[in-house]
Amino acid sequence: MNIVHVNTSTPYDVLVGTGLLADLGNLIGRRFPGAKCFVVSDANVMSIYGAQVIRALREAHIETRSLSFAPGEESKTMKTVESILSELKRSEMTRSDIIIALGGGITGDMAGFAASIYLRGIRFVQIPTTLLSAVDASVGGKTGVNMGGHKNQIGTFWQPSMVIIDPATMDTLPGREVACGMAEVVKYGCIRDPKIMELSDELAEVAKTPSFGEQSEMVHQILEQLIEACVSIKAQVVEADERDTGERMLLNFGHTVGHAIEKATGGQVQHGEGVAIGMVVMARSAEAKGMCPAGYTDNLIRILDGLGLPTVCPVSKEEVLQAIRADKKRAGQMISIVVPDNQGLCSIVLVDMDSLADFILV
Ligand code: GLY
């Protein structure tokens with residue numbers, strides 16, 4: 001097992017290891033003695049891992065309740081959070097108890113949000129079961145729900161008390177989901193660690209796997225390394241800027257354009273796919289201005305192609321510009337954007353709204 005320590009205002013450990021789920025009762029029992037657990041999951045994940053998780057907890061004599069909600073972005077609402085809160089109350093969960101978020105980013109964001117407001121805040125544990133949530137949403141304490149068709153409009157910063165990542169839970173992911181997670185992995189390579197980029201061939205091999213279950217041991221080992229590398233970068237960035245007022249924005253490389261594409265295509269293009277295209281758009285724009293080395297964009301496209309990710313923007317330049325203008329990071333006439341730089345990493349640059357149309361090349 002690898003442990004990444006996250007030294008935020010409330011510090012915690014991220015445990016990464018194949019088979020950790022089987023040891024869940026001990027891990028939780030040792031870290032939270034006497035606490036009751038309330039497992040939150042969507043119906044899909046609950047049907048695959050719910051029984052295993054609840055059994056592991058109960059075998060360790062941990063009193064455990066659970067709730068599942070309908071899978072999908074449509075469930076990421078205040079209404080679902082209210083139903084979680086009602087069930088927490090009905091189950092007489094107290095401040096010494098814990099919520100367990102079992103699943104992808106939607107589950108983690110909602111369970112984390114419920115944890116942050118129930119009884120003015122109780123502890124929660126993230127158990128991400130997708131590559132995307134393992135390397136991104138499960139670490140860093142952003143919680144939230146959508147409102148009025150806009151993503152994450154309501155939310156809090158509420159750090160988990162522990163994150164448990166078992167790559168074996170990703171065995172059941174379809175290839176497209178794996179590729180989406182790889183887009184975030186490539187993002188970490190771009191912003192902080194070119195070595196992750198160099199792993200592209202290995203990543204590409206993994207992404208080609210239709211189901212991880214078919215080559216488990218090798219795949220689990222690669223995943224453990226990749227997840228640990230990405231979580232370590234995320235920990236450093238979040239420690240430096242927990243409340244997302246500066247450096248943390250680096251994690252949004254490709255995301256503003258990506259969100260615009262997700263929205264414009266009604267979710268046909270998934271989050272990781274949108275991020276892949278968004279990174280290409282930002283790289284192309286930066287390269288044309290000499291802000292990153294010539295050939296950077298072609299290399300990025302080659303890596304993303306190899307992972308089975310799209311690289312061509314399916315929406316108009318105007319839609320991309322609208323999304324950037326509406327971004328939370330806008331401050332008056334200036335907007336911060338994340339672009340690759342000449343040091344082989346990424347930088348945050350301020351662009352005047354009037355020159356945005358000139359800058360962005362779709
Ligand atoms: N997903 C970006 C962040 O945690 O800041």
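Ligands are counted one by one from 1 in listed order, and the atoms in each one are counted from 1 as well.
Residue pairs satisfying the ring pair (Phe, Tyr, Trp, His ring centres under 6.0 Å) criterion with at least one member in residues 267-301, sequence neighbours excluded, are listed as follows: His255-His271, His259-His271.
Counting heavy atoms from C-beta outward, Val39 and Arg65 have side chains that stay 4.5 Å or more apart. Inter-residue side-chain proximity for Met46 and Ser66 is flagged as met; some heavy-atom pair is nearer than 4.5 Å.
Taking a cutoff of 4.0 Å between a charged side-chain nitrogen and a carboxylate oxygen, Lys142 and Asp244 qualify as a salt bridge.
In the hydrophobic clustering (ILVMFWY side chains linked at under 4.5 Å, chained through shared members), Phe69 is joined by Phe38, Val40, Leu67, Met78, Val81, Ile84, Leu85, Leu88, Met93, Ile99, Ile106, Met110, Phe113, Ile117, Tyr118, Leu119, Ile122, Phe124, Val145, Met147, Ile154, Trp158.
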Contacts table for residues 48-60: side-chain donor-acceptor under 3.5 angstrom, sequence neighbours left out:
residue	atom	partner	partner atom	Å
Tyr49	OH	Thr169	O	2.8
Tyr49	OH	Thr172	OG1	3.0
Arg58	NH2	Thr64	O	2.6

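The immediate protein surroundings of ligand 1, defined as residues with any heavy atom under 4.0 Å of it, consist of Asp136, Lys142, Lys234, Arg248, Leu251.
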